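This structure is a prediction, so every number in the text was calculated from the model and none was measured.
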Amino acid sequence: ELVAKLAKAKFFSIQADGSTDAGRIDDELFLVLFLDPHSEDGVVHVHDKFLTVRRPKHCNADGLYRCFERGLVFVGINDWRTKLVGFGCDGTNVNIAPGGVRGFLEESVPWVVVFWCYAHRVELALKDAFKDTLLSTVDEMLLRLYYLYEKSPKKCRELDDVISALKSCLEP
């Protein structure tokens, strides 16, 4: 149904973000934003929908761009170069720099507007705003706890055991 709606849409934008799972495997998630003027109620609807998750072969600019291309073709959007008007991503150089994904996109689709995701910008602004406050101390503590458990299945199992023991102590 989504591909059929995108086929009717005159243009769309893609939002992309990467994630690394516990097995240190990178995935790219793609969302699509488009207008649907062909709704049954006669009102133009704006849709922001999940498109696909793809695994890049490499996390450099070329690898991420190829992942983006493969993702669109995988879901059946072969005419994306004629309809893509925007691409949202985080502000890393691999995405935003002229030699990054942005450069590849602008080469393929000269009119595309590449923009730095507002949620990522807000996150960085808040980090700066709360620098040297109690919140930054709590953030640092949580980050250190994350790194303590991130790479150790044994420590995660032990933490689960502690949580189970605490739950059994607290239950009536």
Donor-acceptor pair, distance only, cut-off 3.5 Å: does the side chain of [X] make one with the backbone of [Y]?
{"X": "Lys83", "Y": "Ala7", "value": "yes"}
{"X": "Asn60", "Y": "Gly63", "value": "yes"}
{"X": "Trp80", "Y": "Val73", "value": "no"}
{"X": "Ser152", "Y": "Tyr149", "value": "no"}

According to a hydrophobic-cluster definition based on side-chain heavy atoms being under 4.5 Å apart (Ile, Leu, Val, Met, Phe, Trp, Tyr only), do [X] and [Y] belong together?
{"X": "Leu166", "Y": "Leu145", "value": "no"}
{"X": "Phe30", "Y": "Val112", "value": "yes"}
{"X": "Val109", "Y": "Leu6", "value": "yes"}
{"X": "Ile14", "Y": "Leu2", "value": "yes"}
{"X": "Leu51", "Y": "Val53", "value": "no"}

On a heavy-atom basis, which atom in [X] and which in [Y] lie closest, and how many Å separate them?
{"X": "Val3", "Y": "Gly76", "answer": "CG1-O, 3.8 Å"}
{"X": "Leu84", "Y": "Gly86", "answer": "CD1-O, 3.3 Å"}
{"X": "Lys57", "Y": "Arg70", "answer": "N-NH2, 4.0 Å"}
{"X": "Pro56", "Y": "Asp26", "answer": "CD-O, 3.5 Å"}
{"X": "Glu28", "Y": "Gly18", "answer": "OE2-CA, 3.2 Å"}
{"X": "Phe130", "Y": "Thr133", "answer": "O-OG1, 2.5 Å"}

For a 4.5 angstrom cut-off between non-hydrogen side-chain atoms, does [X] reach [Y]?
{"X": "Val138", "Y": "Leu142", "value": "yes"}
{"X": "Cys89", "Y": "Val114", "value": "yes"}
{"X": "Val32", "Y": "His47", "value": "no"}

Requested in this report: Would you kindly check if the NZ (Lys) or CZ (Arg) of Arg54 is within the cone defined by 45 degrees around the ring axis of Phe68 and under 6.0 Å from the six-membered ring centre?
Outcome: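 So Arg54 doesn't make the cation-pi contact.
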What's the separation between atom [atom1] in [X] and atom [atom2] in [Y], rounded to the nearest 0.5 Å?
{"X": "Asp128", "Y": "Lys131", "atom1": "CG", "atom2": "NZ", "answer": "6.5 Å"}
{"X": "Asp79", "Y": "Thr82", "atom1": "CG", "atom2": "OG1", "answer": "4.0 Å"}
{"X": "Cys156", "Y": "Glu158", "atom1": "SG", "atom2": "CD", "answer": "9.5 Å"}
{"X": "Lys8", "Y": "Asp36", "atom1": "NZ", "atom2": "CG", "answer": "7.5 Å"}
{"X": "Leu148", "Y": "Leu143", "atom1": "CG", "atom2": "CG", "answer": "11.5 Å"}

Requested in this report: Mind running side-chain contact (heavy atoms from CB on, under 4.5 Å) on Leu33 and Lys49 for me, showing each step along the way?
Outcome: CA-CA 7 Å; Leu33 178 71; Lys49 301 283 186 183; over 6 Å; no
Query - Heavy atoms from other residues, nucleotides or ligands near NE2 of His45 exceed 12 (cutoff 6.0 Å) - result: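 Atom NE2 in His45 is crowded, with more than 12 foreign heavy atoms closer than 6.0 Å.
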Query raised in the report: Are Phe87 and Val101 close enough, and set up right, to give a side-chain contact (heavy atoms from CB on, under 4.5 Å), and what steps lead you there?
Result: CA-CA 10 Å; Phe87 183 79; Val101 174; 3.9 Å; yes
Could you go through residues 116-126 and list every donor-acceptor pair under 3.5 Å that involves a side-chain atom there, pairing it with any protein atom two or more places apart or in another chain?
none

Query raised in the report: Hey, are Ser164 and Asp161 close enough side-chain-wise for a donor-acceptor pair under 3.5 Å?
Result: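 Side-chain D/A pair, Asp161 to Ser164: absent.
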Requested in this report: Could you walk me through whether Val94 and Leu64 pass side-chain contact (heavy atoms from CB on, under 4.5 Å), step by step?
Outcome: CA-CA 8 Å; Val94 74; Leu64 293 174; 3.8 Å; yes
Query raised in the report: After noting the C-alpha distance and the side-chain angles of Lys167 and Glu171, does the key distance pass the salt bridge (Lys or Arg N to Asp or Glu O under 4.0 Å) rule?
Result: CA-CA 6 Å; Lys167 281 183 180 178; Glu171 291 175 351; over 6 Å; no
Query raised in the report: If you look only at pairs with a residue in residues 88-108, which of them pass as a salt bridge (Lys or Arg N to Asp or Glu O under 4.0 Å), with sequence neighbours excluded?
Result: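 Qualifying pairs: Arg102-Glu106.
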Report task. Determine, for Arg66 against Glu69, whether the closest basic-nitrogen to carboxylate-oxygen distance falls under 4.0 angstrom. Result ->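 Counted as a salt bridge, because a side-chain N and a carboxylate O are separated by less than 4.0 Å.
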Report task. Measure centre to centre between the rings of Phe34 and Phe12, then say whether the value is under 6.0 Å. Result ->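 They do not qualify: ring centres at least 6.0 Å apart.
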Report task. Starting from the C-alpha separation in whole Å, work towards a yes-or-no answer on side-chain contact (heavy atoms from CB on, under 4.5 Å) for Asp62 and Phe104. Result -> CA-CA 8 Å; Asp62 182 61; Phe104 285 104; 3.9 Å; yes
